[in-house]
Asker: 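Dropping the structure in here first, questions after.
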Number of protein chains: 2
Amino acid sequence: MSITWTPIQKQRFQELNASEILQEMCFETQHERDRAYQEQERLLVGRGKQKLQEMLETTRRPPLSVLEQQLVEALTKKGFVQVVTPTIISKTALAKMSVSDDHPLFSQVFWLDSKRCLRPMLAPNLYTLWKDLLRLWEKPIRIFEIGTCYRKESKGSLHLNEFTMLNLTELGLPEDQRHQRLEELAALVMDTVGIDDYQLESESSVVYGDTLDVVFKGIELGSSAMGPHPLDDQWGIFDPWVGIGFGLERLLMIKEGSQNVQSMSRSLTYLSGVRLNI
Amino acid sequence: MSITWTPIQKQRFQELNASEILQEMCFETQHERDRAYQEQERLLVGRGKQKLQEMLETTRRPPLSVLEQQLVEALTKKGFVQVVTPTIISKTALAKMSVSDDHPLFSQVFWLDSKRCLRPMLAPNLYTLWKDLLRLWEKPIRIFEIGTCYRKESKGSLHLNEFTMLNLTELGLPEDQRHQRLEELAALVMDTVGIDDYQLESESSVVYGDTLDVVFKGIELGSSAMGPHPLDDQWGIFDPWVGIGFGLERLLMIKEGSQNVQSMSRSLTYLSGVRLNI
């Protein structure tokens, strides 16, 4: 029982989102393994085709777009206002997040020229809007954005160069309610996605200082921060706040029991979680 | 009656989306003009604040997101499948659209490195998906994407560096139905947006050859193409097709009677069409 899948077989199973159990099977002989591979590959391809056919006949939308809409509906219903901001941001805005040359995140930034880059996070844009909205709306200011962010990541089963971020913020709440509010916001998002058994863990973030992470079986799904915060001065913000961010592709990976985050992302090789070379 | 607004007054009125009539007013004296300016600026600021308050109390969503959702609903209902594809594309994909060094569009492309750029259009990604979907679904293949595209544009009242494109395609329809189908698709989109009095005009495009444009009072709102097309070979496509593309911000500008496209775009200075420095 020591014969495992060949690298090519293993890669194909990963593409096809095979279960972990299937991917770790062992065999007595190569012949047995190769027969099992043919059988299982055929089943997975069939399942993929069926899933694509169902998508064509029912939702006609990829899970990423469906989840985005579900979140928009849940959050606006709770009084949060959706914003859509530029994906191209200035070096200055990044520097005001303390992301400059010597910062770990800096090397992951995609630059367009010496002054502009693709946003690696939504926070600088939300800080900018907060400042204006404080003059225009009563506190607390509740805004969120769901949009593409960009980081040069070592491609792995958990990372994407372009991913979809939800950042949900509340500015101007009583300081002693911040922790409870963050737990409520995490619950609101996780309920909407349909993930129950997550944990909240404290962690230190390179950008935000101490944060509260939303974790599922060791995988970080979301990360939160609160103010007053050392960065607030830069943005002219003096009220207490909370903010929580999630990568939608990771949420979907967990929800759909998928084995790789690529299958849930903006993609030319996957549609609706199904590999298209089937 | 020869005294017009000062450049600063004029700029402020543009920011505030003042009507053309207001922007072109003339006065007998500077004193009269400046009094009118104060009065009108105050009215516009008040109207903006009211609009933001209404947004906070009703939709809690910017018009760009609302329109996107309306289009998704209308198109999926008619059997079109939504796709979400990468905004970072390869130089190779761009070259297969014939957009290479000597092409007019080439200088408008934002490059990330020598091999990758931000997509200036959705077409290459949709061509790629067509090829796979032809093996998986019955013809006609009906897909669309709504997503950000990027072009270095001379900033003007009609252009944006990042804008939201809808590209709606049907592959594998009878060749003699292409013209009629394009008219139907244009009508479907324009009905959903709520613009009646548009025209269809034939034009020559640098990328697509002869096209049919959707025009409103001289402003190009949408542009369509059909195949068989000289580019199809590159992508392994041999069936007849039609495709039609729209810039969502321009559609909104017309629908909302706004004077500048920036007010409808992904923005840090506008929310829901309202300038935030009020």
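So that the names make sense, note that chain A is the first sequence line, chain B the second, and so on, each numbered from 1.
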Asker: In residues 271-278 of chain A, which residues are in contact with chain B at a heavy-atom separation under 4.5 Å?
Answerer: Leu271(A), Leu276(A), Asn277(A), Ile278(A)

Asker: Which distance, rounded to the nearest 0.5 Å, do you find between the CG of Leu118(B) and the CG of Leu112(A)?
Answerer: 5.5 Å

Asker: Answer with side chain, backbone, both or neither: which region of Thr269(A) has an atom nearer than 4.5 Å to a non-hydrogen atom of chain B?
Answerer: neither

Asker: Around atom NZ of Lys96(A), are there more than 12 heavy atoms from other residues, nucleotides or ligands closer than 6.0 Å?
Answerer: yes

Asker: Heavy-atom pairs under 4.5 Å with chain A - which of Asp132(B), Asp113(B), Thr59(B) has more of them than the others?
Answerer: Asp132(B)

Asker: Working to the nearest 0.5 angstrom, can you tell me the gap between Arg116(A) CZ and Asn161(B) CG?
Answerer: 5.5 Å

Asker: Checking side-chain contact (heavy atoms from CB on, under 4.5 Å) between Val84(B) and each of Ser267(A), Ser65(A), Ser265(A), which is the one that passes?
Answerer: Ser65(A)

Asker: Looking at chain A, which one of Arg60(B), Glu57(B), Met55(B) has the largest number of heavy-atom pairs inside 4.5 Å, strictly under?
Answerer: Arg60(B)

Asker: Got a sec: does the CD of Gln53(B) have more than 12 other heavy atoms crowding it under 6.0 Å?
Answerer: yes

Asker: Using a heavy-atom distance cut-off of less than 4.5 Å, which residues of residues 73-82 of chain A contact chain B?
Answerer: Glu73(A), Thr76(A), Lys77(A), Gly79(A), Phe80(A), Val81(A), Gln82(A)

Asker: With sequence neighbours excluded, what pairs up with Asp101(B) under the side-chain contact (heavy atoms from CB on, under 4.5 Å) test?
Answerer: Phe106(B)

Asker: So if I take each residue of residues 138-150 of chain A and look for any heavy atom under 4.5 Å from a heavy atom in chain B, which residues do I end up with?
Answerer: Glu145(A), Tyr150(A)

Asker: Is atom CZ of Arg151(A) surrounded by more than 12 heavy atoms (other residues, nucleotides or ligands) closer than 6.0 Å?
Answerer: yes

Asker: Search all heavy atoms of Ile88(B) against all heavy atoms of Glu162(A) and return the closest pair with its distance.
Answerer: N-OE2, 3.0 Å

Asker: Leu129(A), Asn125(A), Thr87(A): which one forms the most heavy-atom pairs within less than 4.5 Å of chain B?
Answerer: Thr87(A)

Asker: If you tally heavy-atom pairs under 4.5 Å against chain A, which of Ile89(B), Val72(B), Leu268(B) wins?
Answerer: Leu268(B)

Asker: To the nearest 0.5 Å, what is the distance between CG on Leu133(B) and CG on Leu52(A)?
Answerer: 7.5 Å

